[in-house]
Engineer: 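Once you've had a glance at the structure underneath, I'll fire off some questions.
Side-chain atoms are counted along with the backbone in the values below, which use heavy atoms only and exclude waters and symmetry mates. Letters A, B, ... are given to chains in the order of the sequence lines, protein chains preceding strands, and every chain is numbered from 1.
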Amino acid sequence: MPELPDVEGFRERLSATLPGRRIDSVEVRDSGVLRNASARALNRVLSGRRFEEPRRHGKWLLLPAEGPTLLVHSGMTGRPYYTSAGDGDRHDRVVITLDRGELHYADQRKLRGIWLVGDHEDDHEDNDDLDDMLGDQGPDALGLDRHVFTEILRRHRGALKPTLMDQSVIAGLGNLLVDEICWRARLNPKIRIAALDDSDIRQLHRAVTSVLRTAVRHGCVPGLRRWLTRVRDDPDPSCPRCGARVSRGRVGGRSTVWCPRCQPG
DNA sequence: ATCGTTGTTGCAAG
DNA sequence: ACTTGCAACAACGA
């Protein structure tokens, strides 16, 4: 599930509940989601601290807690959430008990998980750790300036879809989102960046902006009536815009759908 | 039972 | 240096 809109939804919900909550204890039910710290270290470092305002970069969720920061990357199936009622998810892997309510991390497949970045209050290099964990991330796709977007794209020679999905180029765009964006901009996902003119890139930026705005409002990439995403799993999909038979294939190693009429190669 | 998957990484090859 | 393809991670459903 999680691409930028999903993670932004996680962030918004946690933003309404988490800031100010004090951590009582950390219970790790499946250490398979811990990537760089033991359950004991997590509990020792976090206990007694209060969560602050959650942040997001691309598909990463950052949960600062008065010095240390909990990093969450949900992979394909992760879901961080707050509950005051003590209810849970079948795939809860970590439960953090707060002075009021609990923060849960549920994840069926455990492809990514949770990282802990240490306390660097008096450290002038306090972003180094964070950068190491997050890896090379381009600017966040949400609210990306058109001229910055143009300049970034112009640096690349590869195919459109793999470039847009590359988190070190632009952070946050995933498989469904990029198919939707290419379709909206009427550009074939396999087209070379070098073949795009200024007008194409302007269209592409408009598509990124409008698709993201709507998706963030829904907290996911929604299968709306006029969206390509609605038909991507149909047995015999037709283009919601022109009615042509939708093509399926693999681009950049990922399952891809496009309209051969709206998005000619 | 084998195949595929909305995410990322590391390695190899072009 | 850049781009592409593949295998791997893990668990589940078709």
Engineer: Measure across A:Asp89 and A:Asp92 and return the closest heavy-atom pair with its distance rounded to 0.1 Å.
Structural biologist: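 The pair with the smallest heavy-atom distance is N-OD2, 2.9 Å.
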
Engineer: Round to a whole Å and report the spacing from CZ of A:Arg155 to P of C:dA1.
Structural biologist: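 The distance from CZ of A:Arg155 to P of C:dA1 comes to 16 Å, rounded to the nearest Å.
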
Engineer: Under 3.5 Å for both distances, Watson-Crick or G-U wobble, that's the pair rule; now give the dot-bracket for DNA chain B, with | marking pairs to another strand and [ ] for crossing ones.
Structural biologist: .||||.||||||||

Engineer: Answer yes if the side chains of A:Lys161 and A:Asn175 hold a donor-acceptor pair under 3.5 Å, and no otherwise.
Structural biologist: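 A pair is found: one side chain offers a donor N or O, the other an acceptor, under 3.5 Å apart.
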
Engineer: What verdict does the side-chain hydrogen bond (donor to acceptor under 3.5 Å, both in side chains) test give for A:Asp30 and A:Tyr105, after you've listed the backbone C-alpha separation in whole Å, the side-chain angles of each residue and the deciding distance to 0.1 Å?
Structural biologist: CA-CA 10 Å; A:Asp30 185 336; A:Tyr105 179 67; over 6 Å; no

Engineer: Taking CZ from A:Arg248 and P from B:dT6, how many angstroms apart are they, rounded to a whole number?
Structural biologist: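 Result: 11 Å.
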
Engineer: Any side-chain N or O of A:Lys110 below 4.0 angstrom from OP1/OP2 of C:dC9?
Structural biologist: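 So the side chain of A:Lys110 is outside the cut-off, no N or O lying under 4.0 Å from OP1 or OP2 of C:dC9.
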
Engineer: Less than 4.0 Å between a side-chain N and a carboxylate O, is that true for A:Asp6 and A:Lys59?
Structural biologist: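 A:Asp6 and A:Lys59: not salt-bridged.
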
Engineer: Does A:His156 put a side-chain nitrogen or oxygen below 4.0 Å from OP1 or OP2 of C:dC2?
Structural biologist: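 Checking C:dC2 against A:His156, no side-chain N or O comes under 4.0 Å of OP1 or OP2.
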
Engineer: Counting only side-chain nitrogens and oxygens, does A:Arg109 get under 4.0 Å of the OP1 or OP2 atom of B:dG4?
Structural biologist: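 No, A:Arg109 has no side-chain N/O under 4.0 Å of OP1/OP2 on B:dG4.
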
Engineer: Could you tell me the separation between the CG atom of A:Leu212 and the P atom of B:dT6, rounded to a whole number of Å?
Structural biologist: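 It is 18 Å, rounded to the nearest whole Å.
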
Engineer: Between B:dT8, C:dC12, C:dC9, which nucleotide gets closest to the side-chain atoms of A:Gln167?
Structural biologist: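 Per side-chain heavy atoms of A:Gln167, the pick is B:dT8.
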
Engineer: Is there a side-chain contact between A:Arg254 and the phosphate of B:dG7, meaning an N or O under 4.0 Å from OP1 or OP2?
Structural biologist: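 Yes, A:Arg254 has a side-chain N/O under 4.0 Å of OP1/OP2 on B:dG7.
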
Engineer: Starting from the 5' end of DNA chain B, give me the residue, A:Trp60 or A:Asp233, whose nearest nucleotide shows up first.
Structural biologist: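 So the residue in question is A:Asp233.
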
Engineer: Among the nucleotides C:dT4, B:dG7, C:dT3, which one has an atom lying closest to any side-chain atom of A:Arg157?
Structural biologist: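 Closest nucleotide among those given: C:dT3.
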
Engineer: How close do A:Trp227 and A:Val211 get, heavy atom to heavy atom, and via which atoms?
Structural biologist: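 Minimum heavy-atom contact is CH2-O, 3.6 Å.
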
Engineer: Tell me what A:Arg250 touches on the nucleic acid: a base, only sugar-phosphate, or nothing, going by heavy atoms under 4.0 Å.
Structural biologist: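 Touches sugar-phosphate only.
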
Engineer: Which nucleotide sits closest to the side chain of A:Arg90: B:dT6, C:dC12, B:dG7?
Structural biologist: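 Minimum distance to the A:Arg90 side chain belongs to C:dC12.
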
Engineer: Just how far, in rounded Å, is P of B:dG7 from CG of A:Leu177?
Structural biologist: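 Spelled out: CG on A:Leu177 to P on B:dG7 is 9 Å.
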
Engineer: Under 4.0 angstrom, heavy atoms only, what part of the nucleic acid is A:Arg192 near: base, sugar-phosphate, or nothing?
Structural biologist: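 Sugar-phosphate contact only - A:Arg192 comes under 4.0 Å of backbone atoms but never of a base.
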
Engineer: In whole Å, I'd like the distance from the CG atom of A:Asp179 to the P atom of B:dT6.
Structural biologist: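 The distance from CG of A:Asp179 to P of B:dT6 comes to 9 Å, rounded to the nearest Å.
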
Engineer: For A:Asp198, is there an ion pair with A:Arg154 - N to carboxylate O distance below 4.0 angstrom?
Structural biologist: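 Salt bridge present between A:Arg154 and A:Asp198.
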
Engineer: Give the minimum heavy-atom separation between A:Pro2 and A:Gly78, together with the two atoms involved.
Structural biologist: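 The answer is CG-O, 3.6 Å.
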
Engineer: Starting at atom NZ of A:Lys59, determine the distance to atom P of B:dT9, rounded to an integer number of angstrom.
Structural biologist: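 It is 10 Å, rounded to the nearest whole Å.
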
Engineer: Please state whether the phosphate of B:dG7, meaning OP1 or OP2, lies under 4.0 angstrom from any side-chain nitrogen or oxygen of A:His73.
Structural biologist: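 For B:dG7, OP1/OP2 do not have a side-chain N/O of A:His73 under 4.0 Å.
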
Engineer: For A:Ser255 and B:dT6, is the shortest distance between a side-chain N/O and OP1 or OP2 below 4.0 Å?
Structural biologist: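 A:Ser255 to B:dT6 OP1/OP2: side-chain N or O found under 4.0 Å.
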
Engineer: The side chain of A:His91 lies closest to which of these nucleotides: B:dG7, C:dT4, C:dC12?
Structural biologist: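 For A:His91, the side-chain atoms sit closest to C:dC12.
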
Engineer: Rounded to the Å, how far apart are A:Met165 CE and B:dT6 C1'?
Structural biologist: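 My rounded result for the distance is 8 Å.
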
Engineer: Using a strict threshold of under 4.0 Å (side-chain N to carboxylate O), is an ion pair present between A:Arg11 and A:Glu8?
Structural biologist: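 A:Arg11 and A:Glu8: salt-bridged.
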
Engineer: What integer distance in Å separates A:Ile114:CD1 from C:dC9:P?
Structural biologist: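 It works out to 21 Å between those atoms.
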
